[in-house]
There are 2 protein chains.
Amino acid sequence: MTTIKDVAKHAKVSVATVSRVLNQKGYVSKEAKQAVESAIKVLNYKPNAVARTLYHKTSGMIGLMIPDISNPFFPELARAIEDAALKEGYTVVLCNTDDQVKKEQHYLHALQQKYVDGVILATGTDSYDHYLALNLPVVGLDRFVSNKIPTVVSDNKKGAIAATEHLVEKGCQFITHLRGPKGLAPADERYQGFKEVVETHGVAHIIVEADFQIERAEAVTRGLLQKHPTIDGIFTSSDVTAAGAMKAAHTCKRVIPDDLQIVGFDGIPFGNMLVPSLTTVQQPIYEMGERATQLLIQLIEKKTMDSYWHELPTTLIQRQTTRGGGGHE
Amino acid sequence: MTTIKDVAKHAKVSVATVSRVLNQKGYVSKEAKQAVESAIKVLNYKPNAVARTLYHKTSGMIGLMIPDISNPFFPELARAIEDAALKEGYTVVLCNTDDQVKKEQHYLHALQQKYVDGVILATGTDSYDHYLALNLPVVGLDRFVSNKIPTVVSDNKKGAIAATEHLVEKGCQFITHLRGPKGLAPADERYQGFKEVVETHGVAHIIVEADFQIERAEAVTRGLLQKHPTIDGIFTSSDVTAAGAMKAAHTCKRVIPDDLQIVGFDGIPFGNMLVPSLTTVQQPIYEMGERATQLLIQLIEKKTMDSYWHELPTTLIQRQTTRGGGGHE
DNA sequence: CTGAAAGCGCTTACAG
DNA sequence: CTGAAAGCGCTTACAG
């Protein structure tokens, strides 16, 4: 690879002046500038990012910590983050943590040793102290981390309220909530929203925990439907869970939406590929990723920040798993 | 951050001997070693990866170039790659190229300036010259790039043959193939396999191009079903395309699998979430990603390589969109 | 306006 | 067995 020395030699100047024209910083005569620029062209010189990083202690990279890219909620998020990062000249390092503290810590060290400029945290359930101790710019995405760091979430509780009210309006009398893991803030908030509506309306209900895996959701729902044949509505904490519930309903010969109405949560693309297509609470996934990235970059570049708390609105999308939903979109 | 100098001072030795114990290279006395190790502990010292990279010209990072992580074929691939990379101590940089040469080139430069050790190429349709010119370790994944670089693909043609024969066996008399973009090798090979079977069996057929977007696939299929009411089988070039076809069938009141049988390609998880669940040709996606990563690392570490061509087998998974398919898996 | 020098944090010949 | 020195490829005070 050609280095700044080669360019200097070719342009018959010192490396200092090459550096000056590279960074457009400090005075440099027209002649010198031209000589350097032509040398750069001729030699097809690209400055070495690593050397720059070593000096500046800033790498232009951000770490993305998510539980698992193959969980269908995350690809769109990752895409948004990568797009937003690219736009600002940053590059993203993908880290799948499986929500394991050990993996998180491993990545955190690896990232820090590489001078990443910041990290987006969409993972981790309990202690975040190891992040805060780092004094590395961090933003929380889809998870509340600390009020000392910018956080982007969607309005989980309001979304859950809308979903549950929708089921009530559609005539459900006995509603199940398949809630996500306890201790996971979004799951807890959705649960809260559900409970609030069902209690103020005095609707019979039953709440069961299921993780975000389709198999578990299917099994749990099957058991539930067999035990409680009068269940006529299900609000799930994710779209994947809803898909599991739909499979169980199919197995148990329950017709959707006639016998059983279902509302999911997330708004990932496959909800609309299902038949019947899934009524769901749509999170603005792309915007969440984009916003989180912009905030992180603001933090990195030490720009001012209006607010640390960014709660984006959700939207109820009625499709065919609740009554009166037209065709597919 | 604490540096090697701090450690040296604390241990009362030179930085050279600190470096020696860090790298377990060269002679160092027991006493010195212990002093250094304890200093490292006390100071919680982590060697700076950037400085090492500058010296060694190797960063422990690999670039992953894919068209779009939000296309459901890629998350599992990315996960496999990240897992395999992690196991060998590498870190992965995510690059979404949208199959645009400009973006590819941008990333390639960015990656090279950061001394990435190699790249996995699962993108790009035409010229790959800019890669080869780089003399950077590269492996091709899901795309043939050049016979000079290791390549991992699945057996697209055989998979397509199995799919088409399955439709023929199940009694289809007029089969449509929704093929992927021309010029994209996997799509071309699947098309070849389809054609071969349909021609040797003398089965009526019609071939239409659709990209891998669900909306296009749905629209195309709808038109097709209206124009040719006797179509009774569809083989699609991807599972997403199949989902589109299924939606169109639903709209056109065609019952699957009674009136119309469908076989997809890819074996991504959502195929099994659909109702009816999708019969498809499963690619060993995880293994493909894993293998590609292992090959890349072999290349990087200059180990010997048995073969440059790795074609992994596909498997036909019969589910409910063809006759006689049991329940869901 | 320009160059020599020191420094970012490490590694590795080279002497001793 | 150990340290001083040069070097990886840049950047930026500091003199001039």
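Proteins get letters first, then strands, A, B, ... in listed order; numbering begins at 1 in each. Only heavy atoms go into these numbers, but all of them, side chains included; no hydrogens, no water, no symmetry mates.
OP1 or OP2 of dT12(C) has not a single side-chain nitrogen or oxygen of Y27(B) nearer than 4.0 Å. In this structure, K30(B) does not reach the dC1(D) phosphate: none of its side-chain N or O atoms is under 4.0 Å from OP1 or OP2. Taking side-chain N and O atoms only, Y55(B) has no distance below 4.0 Å to OP1 or OP2 of dA13(C). OP1 or OP2 of dT2(D) has at least one side-chain nitrogen or oxygen of S29(B) nearer than 4.0 Å. In this model, the phosphate group of dT11(D) is approached by a side-chain N or O of N23(A) to a distance below 4.0 Å at OP1 or OP2. When the side-chain nitrogen and oxygen atoms of S19(B) are compared with OP1 and OP2 of dT11(C), one or more of them lie within a distance under 4.0 Å. Put simply, K57(A) has a side-chain N or O that comes within less than 4.0 Å of OP1 or OP2 on dG9(C). Dashed line: the shortest gap from a side-chain N or O of R20(A) to OP1 or OP2 of dC1(C) is not under 4.0 Å.
No salt bridge links K87(B) with D83(B); every basic N to acidic carboxylate O contact stays at or beyond 4.0 Å.
Side-chain contact check for Y115(A) and N48(B): at least one donor-acceptor pair (N or O, by modelled atom type) lies under 3.5 Å.
Residue S14(B) is the one, among S14(B) and L54(B), whose nearest nucleotide of DNA chain D lies closer to the 5' end (criterion: closest heavy atom).
Nearest heavy atoms, A8(A) versus S14(A): CB-C, 3.8 Å.
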Dot-bracket, DNA chain C: Watson-Crick or G-U, under 3.5 angstrom, [ ] crossing, | other strand?
|||.||||||||.|||
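Summarising the geometry, the separation between CZ on R52(B) and C1' on dC8(D) is reported as 14 Å, rounded to the nearest angstrom. Atom-to-atom, CG of N48(A) to P of dG9(D) comes out at 7 Å; the value is rounded to the nearest Å. The distance between atom CG of D6(B) and atom C1' of dC8(C), rounded to the nearest whole Å, is 13 Å. Remark: P of dT11(D) and NZ of K5(A) are 14 Å apart, rounded to the nearest angstrom. Between Q34(A) atom CD and dC1(C) atom P there is a gap of 14 Å when expressed in whole angstrom units. In this structure, K12(A) places its NZ atom 20 Å from C1' of dC1(C), rounding to the nearest Å. In this structure, NZ of K46(B) is placed 13 Å from P of dC10(C), rounded to the nearest angstrom. Atom OH of Y115(B) is separated from atom C1' of dT11(C) by 15 Å (rounded to the nearest Å).
For D117(B) (side chain) and S59(B) (main-chain N/O), a donor-acceptor pair under 3.5 Å exists by modelled atom type. A donor-acceptor contact shorter than 3.5 Å links the side chain of N71(B) to the backbone of F73(B).
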Evaluate side-chain contact (heavy atoms from CB on, under 4.5 Å) for T123(A) paired with Y107(A), printing each intermediate quantity in order.
CA-CA 12 Å; T123(A) 184; Y107(A) 283 120; over 6 Å; no
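Checking each of I62(A), L64(A), L111(A) against V93(A) for a side-chain contact (heavy atoms from CB on, under 4.5 Å) leaves exactly one that passes, namely L111(A).
Between dC1(C) and dC10(D), the distance separating the two P atoms is 25 Å to the nearest Å.
Taking a 6.0 Å sphere around NZ of K33(A), one finds it holds 12 or fewer heavy atoms contributed by other residues, nucleotides or ligands.
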